[in-house]
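Here is how names work: the chains are called A, B, and so on, in the same order as the sequence lines, proteins then strands, and each is numbered from 1. FYI, side chains are in, hydrogens and waters are out, and symmetry mates aren't considered; it's all heavy atoms of this structure.
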There are 2 protein chains.
Amino acid sequence: MPGTSPDYAARLREAGLRPTRQRVALARLLFEGGHRHVTAEGLHADVRATRLPVSLATVYNALNQFRDAGLLREVVVAPGRSYFDTNTGHHHHFFVEPDGELHDFASDKVTIAGLPAPPKGTRLARVDVIVRVRR
Amino acid sequence: MPGTSPDYAARLREAGLRPTRQRVALARLLFEGGHRHVTAEGLHADVRATRLPVSLATVYNALNQFRDAGLLREVVVAPGRSYFDTNTGHHHHFFVEPDGELHDFASDKVTIAGLPAPPKGTRLARVDVIVRVRR
DNA sequence: AAGTAGTTTAGAACAATTCTAAAATCTGCA
DNA sequence: TGCAGATTTTAGAATTGTTCTAAACTACTT
């Protein structure tokens, strides 16, 4: 692929975030290759393996900022642990219990009919479908 | 209603749990009246208001045991906090952000079509639909 | 190159939950 | 009814995941 190495600095700047060394490193880990599901701890381990020292606090900060900027989506499936999904498009999840493995599935073939109207005074934000499966 | 006061002790015994004073008190709070959504902290506050001293650890123990026994269902909708639902039948949830309010809705009118098959080696356990709404 | 605002960091702090080991309570049985 | 033995409760410590603090550092502007 000619000249297609993604410019993470630019991508961060567009999102309103200064492209610091650690944010660029995290962005690279998150966005190169296919979609990923990460936890803060997991991403921290990954980035430290690249020999760039990044504190856990920075990983948390970055994940929250990336999510707020729309670069990531937070997925809540298990008590006491947050997952972040690099796939920000419409889709749903398989959650494999008790391992805690997450898999995306496309939502374009899924039809949900008969949902009640939102409680009054509220507007719909998103519909999450979590298909829980066991081994 | 003549003679219909529910026997929580019996209900607990059937579930394989010794009907201790604190479990009975918690069961009464949870199961009398309509369906409830509680957090450990919230239920703890409720039970202490009845003047029966029950430790927070016991509330956690009881909620986990009740869930394992099928008396409650755990609902994971927000990071860092577990809700327990006294409605154990098929239904789904509205979740009002950012308040953290939860509302049930019946699933019998909801149709979900086009779900992919579970990843191989797994069997379907449950499909959760969380309709996230905002004020 | 310097100033400044934004970022990173280690470590403390915090919140939710679980663990520990001792004291209290339930249950079956004599 | 009284006891023994198993289960439960409890206070407090421990653990886990996450956020905060305030000092050091770095990116951007001039």
Side-chain angles (χ1 to χ4, degrees), chain A residues 7-27 29 37-48 50-69 71-72 74-84 98 100 102, chain B residues 7-27 29 37-48 50-69 71-72 74-84 98 100 102:
Chain A
D7 184 347
Y8 295 110
R11 184 141 172 214
L12 290 170
R13 232 180 260 107
E14 277 158 34
L17 296 167
R18 260 194 208 180
T20 63
R21 223 178 295 122
Q22 20 299 293
R23 294 212 271 231
V24 171
L26 293 171
L29 284 172
H37 297 110
V38 302
T39 60
E41 288 284 355
L43 184 59
H44 187 227
D46 289 354
V47 75
R48 306 200 110 224
T50 70
R51 316 303 278 136
L52 170 69
V54 177
S55 76
L56 184 56
T58 295
V59 173
Y60 274 105
N61 289 338
L63 286 173
N64 288 330
Q65 293 152 351
F66 288 10
R67 176 204 52 215
D68 293 347
L71 266 33
L72 290 179
E74 189 168 4
V75 186
V76 182
V77 279
R81 166 167 257 116
S82 270
Y83 291 75
F84 290 86
L102 254 192
Chain B
D7 183 347
Y8 295 110
R11 184 138 169 217
L12 290 170
R13 233 180 262 107
E14 276 157 34
L17 296 167
R18 266 196 201 178
T20 64
R21 222 178 293 123
Q22 23 294 294
R23 294 212 272 231
V24 171
L26 293 170
L29 284 172
H37 297 109
V38 302
T39 60
E41 288 283 355
L43 184 60
H44 187 227
D46 289 354
V47 76
R48 306 201 110 222
T50 70
R51 316 305 277 134
L52 171 69
V54 177
S55 76
L56 184 55
T58 295
V59 173
Y60 274 105
N61 289 160
L63 286 173
N64 288 331
Q65 293 153 351
F66 288 11
R67 176 204 52 216
D68 293 346
L71 266 31
L72 289 178
E74 188 168 5
V75 185
V76 182
V77 279
R81 166 167 255 116
S82 270
Y83 291 76
F84 290 86
L102 253 195

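- Rounded to the nearest 0.5 Å, atoms CZ (A:R11) and CG (A:L17) are 11.5 Å apart.
- Between the CG atom of A:L52 and the P atom of D:dT26 there is a distance of 11 Å, given to the nearest Å.
- Counting non-hydrogen atoms under 4.0 angstrom, A:S82 reaches the backbone sugars and phosphates but no base.
- Taking both residues in full, the closest heavy atoms of A:L63 and A:A40 are given as CD1-CA, 3.7 Å, listed atom of the first, atom of the second, then distance.
- B:Y83 contributes no side-chain N or O that, together with a main-chain N or O of B:A78, makes up a donor-acceptor pair within less than 3.5 Å.
- First and last contacts of DNA chain C with chain B, using any nucleotide atom under 4.0 Å from a protein heavy atom and ordered 5' to 3', fall at C:dA16 to C:dT27.
- Taking atom CG of B:N64 as the reference point, atom P of D:dT7 lies 19 Å away to the nearest angstrom.
- Between the C1' atom of D:dT8 and the CZ atom of B:R13 lies a distance of 15 Å, rounded to the nearest Å.
- For the pair A:E41 CD and D:dT19 P, the interatomic distance rounds to 12 Å; values are reported in whole Å.
- For D:dT18, the OP1/OP2 oxygens have a side-chain nitrogen or oxygen of A:Y60 closer than 4.0 Å.
- Counting to the nearest Å, the P atom of D:dT10 and the CG atom of B:L56 are 11 Å from each other.
- Among the atoms of the strands shown, base atoms are found under 4.0 Å from some heavy atom of B:N61.
- A distance-only check finds no donor-acceptor pair linking the side chain of A:R67 to the backbone of A:F84 [under 3.5 Å].
- In the region residues 17-27 of chain A, proximity to DNA chain C at under 4.0 angstrom, judged on heavy atoms, holds for A:R18, A:T20, A:Q22, A:R23.
- Rounded to the nearest 0.5 Å, atoms CG (A:L29) and NE2 (A:H44) are 11.5 Å apart.
- Of all heavy-atom pairs between A:P19 and A:L12, the closest is CA-CD1, 4.0 Å.
- Residues B:V77 and A:V76 share a closest heavy-atom pair of C-CG1, 3.7 Å.
- In this structure, B:E14 CD and B:L71 CG are separated by 9.5 Å, a value rounded to the nearest 0.5 Å.
- Counting non-hydrogen atoms under 4.0 angstrom, B:P79 reaches nothing in the nucleic acid.
- Residue B:D68 contributes atom CG, which lies 13 Å from atom P of D:dT8 at whole-angstrom precision.
- Going from atom CG of B:L26 over to atom OH of B:Y8 covers 12.0 Å, rounded to the nearest 0.5 Å.
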